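Keep in mind that this is a model prediction, so the values were computed, not measured.
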Amino acid sequence: MGGGLNIRKHAQLDFLSLGALVHRLDPGIIPFRKATECKIHVSGGEFNVAANLSDCFGLKTGIASAMSDYPIGDLIAERVRAMGVTPFYKHFKHDGVTGPNMAAVYSDRGFGLRAPVVFYNRANEAAAQLKPGDFDWKAIFAEGVRWVHSGGIFAALSPTTAELAAEMMKEAKAAGAITSFDLNFREKLWKISGGDEHAVKIIGRIVENVDVLLGNEEDLQKGLGIPGPEIAAKSKLDPSVFFGMIDKVVKKHPQVKVVATTLRHVHSTNRHTWSAVAWIDGETFTAPTAELEVLDRVGGGDGFASGFIYGLLTGEPPAEAINLGWAHGALLTTFPGDTTMATLDQVRALAKGGSARIER
């Protein structure tokens with residue numbers, strides 16, 4: 001048992017994600033309009049968690065996703081293998097001109113008072129074509145999966161991806177897995193997919209079979225349709241607004257046992273104040289507060305989710321689980337790219353109070 005969750009002890013996979021794989025083009029601190037070269041990072045909110053749990057935390061993880069058979073797909077597949085993640089792909093044949101494509105994310109890092117700028121090309125995205133029936137969940141779950149995860153960005157890609165996420169969560173619960181969902185509400189994606197009211201309806205069907213929710217108060221309001229106070233009314237580091245919404249969340253979705261999120265106040269692109277909070281089976285927990293010097297902020301939230309899920313999967317006390325998530329998310333912002341370069345020893349040392357200037 002961990003945080004009121006009945007987690008199986010042994011299975012073929014510790015963790016399985018369903019989501020889109022993307023590649024991020026990163027020109028560093030140079031804006032794209034002046035860029036002459038880019039780094040390529042392989043990413044995806046759901047993949048990042050699986051990759052982090054494998055590479056840093058040593059768990060057996062997998063990713064169910066779309067793969068387009070062309071050189072960009074080959075590049076992404078190589079990075080999935082390098083992070084030790086087992087792939088379950090629905091393959092699409094690329095026509096050499098229009099796709100289906102692996103989505104591209106364009107993101108400079110900004111600097112100081114200049115914020116990062118992020119934009120996308122998700123035209124004819126292979127992952128958006130995924131639909132119920134594309135994966136044999138019974139076969140995948142036959143030898144056991146301890147924890148299954150997906151997120152709101154994937155659900156928003158198309159009507160069929162939302163249905164696929166709902167299908168997976170239902171099958172996962174029937175197979176005895178713990179289920180988690182990162183709300184990750186993205187207004188632009190849901191606007192294309194039917195608007196806010198449609199998002200609440202679709203996410204609600206997925207969350208029916210979810211044990212663990214990840215998301216801040218804005219995600220809870222917009223993704224679940226939970227009424228709450230003005231989002232910007234209090235400090236971004238004040239957990240009271242988040243905790244004040246939990247009763248409404250659990251009333252609407254009584255099967256949810258854990259809700260967690262990061263707290264971040266951005267002073268400048270490279271200086272953030274960082275913390276995290278969690279409601280776990282009726283109790284509330286708050287991580288320490290750290291002043292971060294940020295190299296690359298992308299993936300910090302997924303870094304938190306990874307460490308937090310690791311703590312719950314391995315039976316750590318809830319307070320230690322949130323500290324592991326907080327520490328790993330903080331460390332991830334010190335590396336380039338979207339996935340971890342941290343070691344478990346580094347995460348445990350920071351979680352216990354080492355390095356970054358901590359205010360308790």
Which ILVMFWY residues can you reach from Val118 by hopping between side chains whose heavy atoms are under 4.5 Å apart? Val22, Val105, Tyr120
CG (Leu344) and CZ (Phe57) are apart, to the nearest 0.5 Å, by 6.0 Å
Relative to each other, are the rings of Phe119 and Tyr106 parallel, tilted or perpendicular (30° and 60° limits)? parallel
Going by heavy atoms in the side chains, are Val256 and Val207 under 4.5 Å from each other? yes
Set out, in order, the CA-CA distance, both residues' side-chain angles and the distance that settles side-chain contact (heavy atoms from CB on, under 4.5 Å) for Leu313 and Ile7, then state yes or no. CA-CA 7 Å; Leu313 272 170; Ile7 304 173; 3.8 Å; yes
Looking only at side-chain N and O atoms, does Asn52 offer a donor or acceptor that is under 3.5 Å from a partner on Ser306? yes
Considering all heavy atoms, the nearest Phe242-Glu217 contact: CB-OE1, 4.0 Å
Do His149 and Ser17 have side-chain N/O donor and acceptor atoms under 3.5 Å apart? no
Between Thr160 (side chain) and Leu130 (backbone), is there a donor-acceptor pair under 3.5 Å? yes
Crowding at NZ, Lys201 (>12 non-hydrogen neighbours, <6.0 Å): no
Do the non-hydrogen side-chain atoms of Pro288 and Asn323 ever get within less than 4.5 Å of each other? yes
With Lys173 via salt bridge (charged side-chain N to carboxylate O under 4.0 Å, His left out) - residues at least two apart: Asp211
For Leu18, does its backbone N or O pair with a side-chain atom of Ser150 as donor and acceptor, under 3.5 Å? yes
Take Glu197 and Lys222, measure what salt bridge (Lys or Arg N to Asp or Glu O under 4.0 Å) needs, and give me the verdict at the end. CA-CA 9 Å; Glu197 289 186 14; Lys222 293 189 173 182; over 6 Å; no
With the side chain counted from C-beta on, respond yes when Arg264 and Thr273 share a heavy-atom pair under 4.5 Å apart, and no when they do not. no
Under 6.0 Å between ring centres: does that hold for Tyr310 and His328? no
According to a hydrophobic-cluster definition based on side-chain heavy atoms being under 4.5 Å apart (Ile, Leu, Val, Met, Phe, Trp, Tyr only), do Phe335 and Val42 belong together? no
Checking Trp274 side chain against Trp326 main chain: does a donor-acceptor pair fall under 3.5 Å? yes
Say whether, by atom type as modelled, one donor and one acceptor occur between the side chain of Ser68 and the main chain of Ala126 under 3.5 angstrom. no
If you compare all heavy atoms of Leu21 against all heavy atoms of Ala66, which two are closest, and at what distance to 0.1 Å? CD1-O, 4.4 Å
Is there a donor-acceptor pair under 3.5 Å between the side chain of Asp219 and the backbone N or O of Gly223? no
Mind checking salt bridge (charged side-chain N to carboxylate O under 4.0 Å, His left out) for Asp338 and listing every partner two or more places apart, or none if nothing turns up? Arg24
Do Phe181 and Phe47 land in one hydrophobic cluster if side-chain heavy atoms of ILVMFWY residues count as linked below 4.5 Å? no
Between the side chain of Thr179 and the main-chain N/O of Asn209, is any donor-acceptor distance below 3.5 Å? yes
So, are Arg81 and Glu78 salt-bridged, with charged N and O less than 4.0 Å apart? no
When clusters are formed by joining ILVMFWY residues with side-chain heavy atoms under 4.5 Å apart, either directly or through shared neighbours, do Leu214 and Leu332 land in the same one? no
Is a side-chain donor or acceptor of Asn270 paired with a backbone partner of Val294 at a separation under 3.5 angstrom? yes
Return yes if a side-chain donor-acceptor contact under 3.5 Å exists between Ser240 and Asp238, otherwise no. yes
Return yes if a side-chain donor-acceptor contact under 3.5 Å exists between Asn101 and His94, otherwise no. yes
For the backbone of Val49 and the side chain of Asp302, can you confirm whether one donor and one acceptor N or O come within less than 3.5 Å of each other? no
Mind checking whether Lys138 and Glu171 have side chains closer than 4.5 Å, heavy atoms only? yes
Classify the ring geometry of Phe141 against Trp137: parallel below 30°, tilted from 30° to 60°, perpendicular beyond 60°. parallel
Does the salt bridge (Lys or Arg N to Asp or Glu O under 4.0 Å) test come out yes or no for Arg205 and Glu208, once each step is laid out? CA-CA 5 Å; Arg205 290 192 55 237; Glu208 285 176 4; 5.6 Å; no
Spell out, yes or no, whether Leu220 and Ile202 are grouped together once hydrophobic residues are joined by side-chain heavy atoms under 4.5 Å, including indirect joins. yes
Could you check Phe15 against Ile309 for side-chain contact (heavy atoms from CB on, under 4.5 Å), going step by step and ending with a plain yes or no? CA-CA 9 Å; Phe15 181 90; Ile309 290 170; 4.0 Å; yes
Taking NZ, NE, NH1 and NH2 as the nitrogens, is one of them in Lys131 or Asp134 under 4.0 Å from a carboxylate oxygen of the other? yes
Does the Asp14 side chain pair with the main chain of Lys60, one donor and one acceptor, at a distance under 3.5 Å? yes
Counting only N and O atoms by type, is there a donor-acceptor contact under 3.5 Å from the side chain of Lys248 to the main-chain atoms of Pro227? yes
Closest non-hydrogen atoms of Phe32 and Ser107, given as atom of the first, atom of the second and distance, are CE1-N, 3.4 Å
Linking I/L/V/M/F/W/Y whenever their side-chain heavy atoms sit closer than 4.5 Å, directly or via other members, would Ile63 and Ile76 fall into one cluster? yes
Could you verify whether a donor N or O on one side chain and an acceptor N or O on the other, from His23 and Ser43, lie under 3.5 Å apart? no
